[in-house]
Amino acid sequence: MQSLNLSEQEIIRRDALSELVKLGIDPYPAGEFPVNCSTAEILEKFRDDAPDWHVSLAGRIMSRRIMGNASFIELQDEKGRIQVYVKRDNLCPEEDKTLYNTVFKHLLDNGDIIGVTGHIFRTQMGEISVKAMELKVLCKSLRPLPIVKEKDGVVYDAFTDPDQRYRQRYLDLVVNPKIKETFIQRTQLINSFRDFLNSKQYIEVETPVLQPVYGGAAARPFKTYHNTLDQTLYLRIANELYLKRLIVGGFNGVYEFARDFRNEGMDRFHNPEFTQLELYVAYKDYNWMMNLVEEMVEKAVISLHGSTEISVGEMNISFRRPWKRFTMYEAIMESTGIDISGLDENQLFETCRQLDVPVDNTMGKGRLIDQIFGVKCESLLIQPTFITDYPIEMSPLAKKHRSITGLVERFEMICCGKELCNAYSELNDPVDQRERFEEQLILGKRGDEEAMILDEDFLRALEFGMPPTSGLGIGIDRLAMILTNSPSIQDVLFFPQMRPEKKMVRDDDEAFAKMGIPTEWITLIQKLGYLLTDELRKVNPNRLHQELCGMNKKHKLGLVNPSQDEVRKWLA
RNA sequence: GAUUUGCUAGCUCAGUAGGUAGAGCACAUCCCUUUUAAGGAUGGGGUCCUGGGUUCGAAUCCCAGGCAGAUCACCA
């Protein structure tokens, strides 16, 4: 019944599964299989002159070379692959050769998970291998794996379709083992940051993901609803305002690896959910924070790569301290030759036009400057570079610059043409903060969908007093992209957001039976693509009759064809 | 959202100025056996993304849609 929907190879595997059961072999055993080493450990530690080394290991069969009574398989575990030599008389020393002849040769496939015990030796071809003395089925795989082969560093038939790789990451990880490296490095990066911050006695905290008022960044949120409270809640776009509340509460340093959610476009630099490290430290300013970022990132790069120099695509990036520092005005001066520091809004508008920088009428002074920077400077900054001192209009949470009016004490770190982090001397003047929020409200009314919302509770906290504080946000995904040389954010997220897979809507067999269609024809009708009875009724009966008879003939099903009249009655 | 490329067997891909759908790997049966992207023989396997249109005839040409990639715009 189901078999028409399965591929030939899937049917063969299901048949093998029931054969195993018939032989009294549980294809999904419950018990522990004791493993005492990994493939990598064997390859690393084996010595030809060492005494017999008995191993017990488990993994997935990735290839099989079967030759009569001796065979070779490649077994893959978490750490890599090793060849296993399977000889009939080793596996079956007694009369009964079923385990080798039937189970191993016919009922096991690529992709099955087995446990093997035996000892290590080197073959005539010089390959370190496991001589299997026992073999146990641990899991029968019902779908064929894409087979990726490799010789001399050349990969054949690589599994590359990005759609399948991202949707079925499990499969990607099985057949493209290098993918695993990327994710391990991502975790190493996070661990390195965490170790660094813990060593400074900062406290890792958790703050709400569901927030009644979203804030801390300029972005559109995801909206949800809490039944019991009868209240709209938002998935956080940032956790900044909560971490600052904790500084108010008396913590000197708090940080969180925060999953944030922004309801905006998706491309190779943006996923709707992404991870930021946010850090707030009391009694510090943004200059201090720049030094911390340099040190922390440099350290992480060294811990991943053993060096401060790495290659990203065609580029060579050096994270060696100190990094270049420019004010935003200097950066614009450098790339365009124009000093914008004294210009008013109209003059900036005119400058944008001269520079071919796209603008629109809603843009205020700050947006115009930011736009010039974004178009003319950002993409040119390849080596890690700090850009400091941003226009106040763009930075409602940052403290006013200590000496230059119209600017705030803010920096971003740009690398490979992309912003990697954002930090301020945090605004702790509650009166100023309220005014800034109110300016944002006006922008919001002008149509800026990303304008910030006024958070009364946050202002109340500030009114109790927050010490001077420096705060930082680092995009973990983007940094991971650079450190793992990944061209897309999807490559550093296990399960990137994808459009839903097309789902077939279908009626069950009973619905077809109700039309008076005999069981044996129902599967055929479904196989022909008629999955809904309503659709089926619209079909020309003569056409359906022809298709069914054709199918019967083609697949040599040996069914007695229905008459045209009978088919017409089904559809009536 | 715009532009563009792609979608054919489990995987990687060919394909014909429109005429019954191909290869390699994988799979099945068999041969050989310390082999290694094993080799040899034979065989099975397809809604050529979906739906319309043009046509005697469409995987191929046209239109619409789906999904994915790339580039651009907004954003981290």
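What you see below is based on every heavy atom in this structure, not just the backbone, and it leaves out hydrogens, waters and symmetry mates.
Closest approach to the A:Glu419 side chain among B:U35, B:A76, B:G69 is made by B:A76 (side chain taken as heavy atoms from C-beta onward). With distances taken from any side-chain atom of A:Pro162 to the nucleotides B:G69, B:U34, B:A76, the minimum falls on B:G69. The side chain of A:Phe121 lies closest to B:U34 when the candidates are B:U34, B:U35, B:A70. You'll find that the side chain of A:Arg499 is closest to B:A68, out of B:C27, B:U36, B:A68.
Shown here are the side-chain contact (heavy atoms from CB on, under 4.5 Å) partners of A:Ser141, two or more places apart in sequence or in another chain: A:Arg13, A:Asp112. Residues passing the side-chain contact (heavy atoms from CB on, under 4.5 Å) test with A:Pro384, sequence neighbours excluded: A:Ile317, A:Phe319, A:Trp323, A:Met413, A:Cys415. Remark: A:Arg81 engages A:Met62, A:Glu74, A:Gln76 in a side-chain contact (heavy atoms from CB on, under 4.5 Å) (not counting sequence neighbours).
Going from atom CD of A:Glu150 over to atom P of B:U36 covers 17 Å, rounded to whole Å. As a whole-Å value, the separation of A:Leu142 CG from B:C27 P is 15 Å. Atom CZ of A:Arg65 is separated from atom C1' of B:C27 by 18 Å (rounded to the nearest Å).
Two rings, from A:Phe326 and A:Phe386, have their centers 6.0 Å or more apart. In this structure, A:Tyr286 has its ring center at least 6.0 angstrom away from the ring center of A:Tyr424.
Judged by closest nucleotide on RNA chain B, A:Ser488 is the one of A:Ser488 and A:Phe269 placed further toward the 5' end.
At B:U36, none of the side-chain N or O atoms of A:Gln124 fall inside 4.0 Å of OP1 or OP2 (strictly under the cut-off). For B:U36, the OP1/OP2 oxygens have no side-chain nitrogen or oxygen of A:Arg64 closer than 4.0 Å. Phosphate proximity of B:A68 to A:Gln490: absent, as no side-chain N or O sits under 4.0 Å from OP1 or OP2. Side-chain N/O atoms of A:Arg167 include one lying less than 4.0 angstrom from OP1 or OP2 on B:A68. The phosphate of B:U29 has OP1 or OP2 within less than 4.0 Å of a side-chain N or O from A:His106. Between A:Asn110 and B:C27, a side-chain N or O to OP1/OP2 separation shorter than 4.0 Å is present.
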Contact pattern, 5' to 3', of nucleotides 2-13 of chain B - B, S or - by protein heavy atom under 4.0 Å: --------BSS-
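The P atoms of B:A17 and B:U29 are separated by 40 Å, rounded to the nearest whole Å. Atom name C1', nucleotides B:G52 and B:U5: the rounded distance is 23 Å, in whole Å. Comparing B:G6 with B:G65, their C1' atoms sit 16 Å apart, to the nearest whole Å. When the P atom is used for both B:G24 and B:G19, the distance is 23 Å, rounded to whole Å. For B:A73 and B:U20, the C1' atoms lie 49 Å apart once the distance is rounded to whole Å.
Both distances falling under 3.5 Å, in either a Watson-Crick or a G-U wobble arrangement, place B:G1 opposite B:C72. As the counterpart of B:C48, no nucleotide is assigned, since no Watson-Crick or G-U wobble pattern has both distances under 3.5 Å. Under the Watson-Crick or G-U wobble criterion, with both distances below 3.5 Å, B:C7 is paired with B:G66. In this entry B:U42 has B:A28 as its Watson-Crick or G-U wobble partner, both defining distances falling under 3.5 Å. Across all strands shown, the partner of B:C61 is B:G53, judged by Watson-Crick or G-U wobble contacts whose two distances both fall under 3.5 Å.
A donor and an acceptor atom sit less than 3.5 Å apart, one in the side chain of A:Asp267 and one in the base of B:C74.
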Could you list the donor-acceptor pairs under 3.5 angstrom formed between side-chain atoms of residues 83-92 of chain A and any protein atom two or more places apart in sequence or on another chain?
residue, atom, partner, partner atom, Å
A:Gln83, OE1, A:Arg65, NH2, 2.6
A:Gln83, NE2, A:Ser129, OG, 3.1
A:Asp89, OD1, A:Lys97, NZ, 3.1

Extract all donor-acceptor atom pairs below 3.5 Å that involve side chains of residues 369-376 of chain A and protein atoms in other chains or at least two apart in sequence.
residue, atom, partner, partner atom, Å
A:Gln371, NE2, A:Pro358, O, 2.9
A:Lys376, NZ, A:Leu355, O, 3.2

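Under a 3.5 Å cut-off, the side chain of A:Arg60 and the backbone N or O of A:Gly111 do form a donor-acceptor pair.
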